[in-house]
Amino acid sequence: MNVVWFKRDLRLHDHDALFKAISLGKPCLLLYILEPSLIEDTHYDDRHWRFVYESLQDLNKQLSPYGHRLTVIKGEALDVLQAIHQRHEIHTIFSHQEIGIARTFSRDRKIEYWCKNNSIVWQQSPHGAVVRGLQHRLYWQDHWYNYMARSIPPIELNKLKSEQSCLHDVDAFDDIYKQTNPHFQYGGESSAMVTLEDFLTDRHLHYRGSISSPSRSRHYCSRLSPYLAWGNLSLRYCYQQTQLAFAQSKGKQHLNAFSSRLHWHCHFIQKFESESRMEFEAVNRGYLDFPYDIGDSAHEKLAIWQQGKTGYPLVDACIRCLQTTGYLNFRMRAMLVSFACHYLNLHWKSVAEYLAKLFLDFDPGIHYSQIQMQAGITGTNTIRIYNPVKQSQEQDPEGEFIRLWCPELSSLSNDVIHSPWLLGPLEKQMFALDYPEPMVNADCIQINRERLWSWRSRDKVKLEAKRILNTHVTPNSETRQQAKR
Ligand SMILES: Cc1cc2nc3c(=O)[nH]c(=O)nc-3n(C[C@H](O)[C@H](O)[C@H](O)COP(=O)(O)OP(=O)(O)OC[C@H]3O[C@@H](n4cnc5c(N)ncnc54)[C@H](O)[C@@H]3O)c2cc1C
């Protein structure tokens, strides 16, 4: 029989692997493998597996009227596939390419090898418009638009001949993943569709003015990221629906801004696909020996940042909000990274792993590319050192977000809520303020700032910056024309 192996593509629409399997008309096992090594991986948290559980429940709900059901098995992928092969003799495995962390990449290499040795065909469909192993961007832009414009083949579940495996593990998911947490977005294709529709009909009208606000973004940004990250929604479907909504919308400028972000989605994942070592080291090799703080003092600083006790209200509110809800808008994510890497001089990798655990939408491709960009170590992007007080005054002027997540500051006036250290000792007593002093002083910040800027003019950094631009940036139209000739 054939197998459709669901990974980060937990949907039924625009599913090339499923489409190909149905087209063959052969008996087919719909499989999800819950891998212990991924559950234990430093990037993941219970929140992710709960989202996956909800997504699988939703798939089963959609499949059941047709008499189909997913087979969910807990085990390492190769072991599970081997066991299925022993009992059912697999002919072809259909799946999507995974643009993932090193752990999933090496697992896929092993499976590829095993398939070859056992004469099993493994057909991997591309991950949207991302091109495997691409080493330059000459034609990528055109490819992106062509791919996004292509019509989506319908999935005809009535033609699917599904099979069950006797290995079906009923209780693959522990109970903790089965308990809904109302603070988090609910997983599944059905929720994704509702969120998309809701955004395109109404919420997008306030999009541009809300992107940078930690409070307003929660309602007026699309909130599609976890659905795109776990594949409840294909980017192509999302893009095409946006194009359709465009004609009717009274907020075309908002949909334009949204569309360009859909483009960035693939751009960043493509970057990671082309240079996945950025999970472990700076994409610009000129920063490989950047002197980040190490040892006990770095551990202590990291722990304070993780606990949301830095003494900077907006930074602390952001971390606490992420811990409870798994979501934060772009600007606040960038500020958290900047604070940790620029103010505290912590290594970007430790920051990346902790945030991956917290982001419900953790997507390795976007995450690692963004972390390095915000940490200022690409040598190609403008260095942005966010001032948390300025951000707080601009993006949360009334202190609404801070009051919600740092209740110990809720009685402070708008003037001082962004910088409570300005209160005199008497006022602190009056408010019974139980909040730490800022964990880093201005001199330290200045030293870190100067070091980061001076590093950028190093020869190695500049040389690497050129290489990065040649690999990851779409050349101008003249260069593209020349290449076509
Ligand atoms: C340090 C850092 C780490 C990040 N890690 C992730 C991650 O792991 N997963 C993730 O999906 N996003 C990540 N982002 C990008 C961005 O913050 C989120 O995609 C966005 O906040 C999600 O909210 P939304 O769906 O409402 O976005 P919207 O503004 O509504 O955008 C729609 C979609 O476009 C894509 N998108 C938006 N902004 C970006 C961007 N700057 N880069 C790439 N794609 C973008 C996302 O898929 C998003 O869902 C990161 C940003 C930073 C600064």
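All residue numbers in this chain count up from 1 along the given sequence. Just so you know, these numbers use all the heavy atoms, side chains as well, and skip hydrogens, waters and symmetry mates. Remember, it's 1-based here, ligands and their atoms both numbered in the order they're listed.
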Please set out all donor-acceptor pairs under 3.5 angstrom arising from side-chain atoms of residues 335-345, sequence neighbours excluded.
| residue | atom | partner | partner atom | Å |
| --- | --- | --- | --- | --- |
| S338 | OG | H342 | ND1 | 3.0 |
| S338 | OG | Y386 | N | 3.0 |
| H342 | NE2 | A375 | O | 3.0 |
| N345 | ND2 | P291 | O | 3.0 |
| N345 | ND2 | D293 | OD1 | 3.1 |

Taking only non-hydrogen atoms of [X], do any sit less than 4.0 angstrom from ligand 1?
{"X": "Y207", "value": "yes"}
{"X": "A229", "value": "no"}
{"X": "Y327", "value": "yes"}
{"X": "L336", "value": "no"}

One thing to verify: whether R403 and E398 come together as a salt bridge, which I'm taking to mean a side-chain N less than 4.0 angstrom from a carboxylate O.
no
- Between R216 and D396, is there a salt bridge with N-O shorter than 4.0 Å?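 Salt bridge flag = no for R216 with D396.
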* **Check: L228 N/O within less than 3.5 Å of ligand 1 N/O** => no
Query - Nitrogen or oxygen of H265 less than 3.5 angstrom from that of ligand 1 - result: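 N/O-N/O distance under 3.5 Å: yes.
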(Q) One residue to check: D361. Relative to ligand 1, which of side chain, backbone, both or neither has a non-hydrogen atom less than 4.0 Å away? (A)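 The answer is both, backbone and side chain.
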Residue part near ligand 1, for D363, under 4.0 Å between non-hydrogen atoms =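 Both backbone and side chain.
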Exercise. Pick whichever of F359, W230, F362, F330 has a heavy atom sitting closest to atom 16 (C) of ligand 1.
Key: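 Heavy atom nearest to atom 16 (C) of ligand 1 belongs to F330.
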Per ring pair (Phe, Tyr, Trp, His ring centres under 6.0 Å), H367 is matched among F362, W348, F268 by F362
task = Begin from the C-alpha positions of S274 and Q135 and carry the test side chain to side chain donor-acceptor pair (under 3.5 Å) through to its verdict.
result = CA-CA 6 Å; S274 301; Q135 289 309 312; 5.3 Å; no
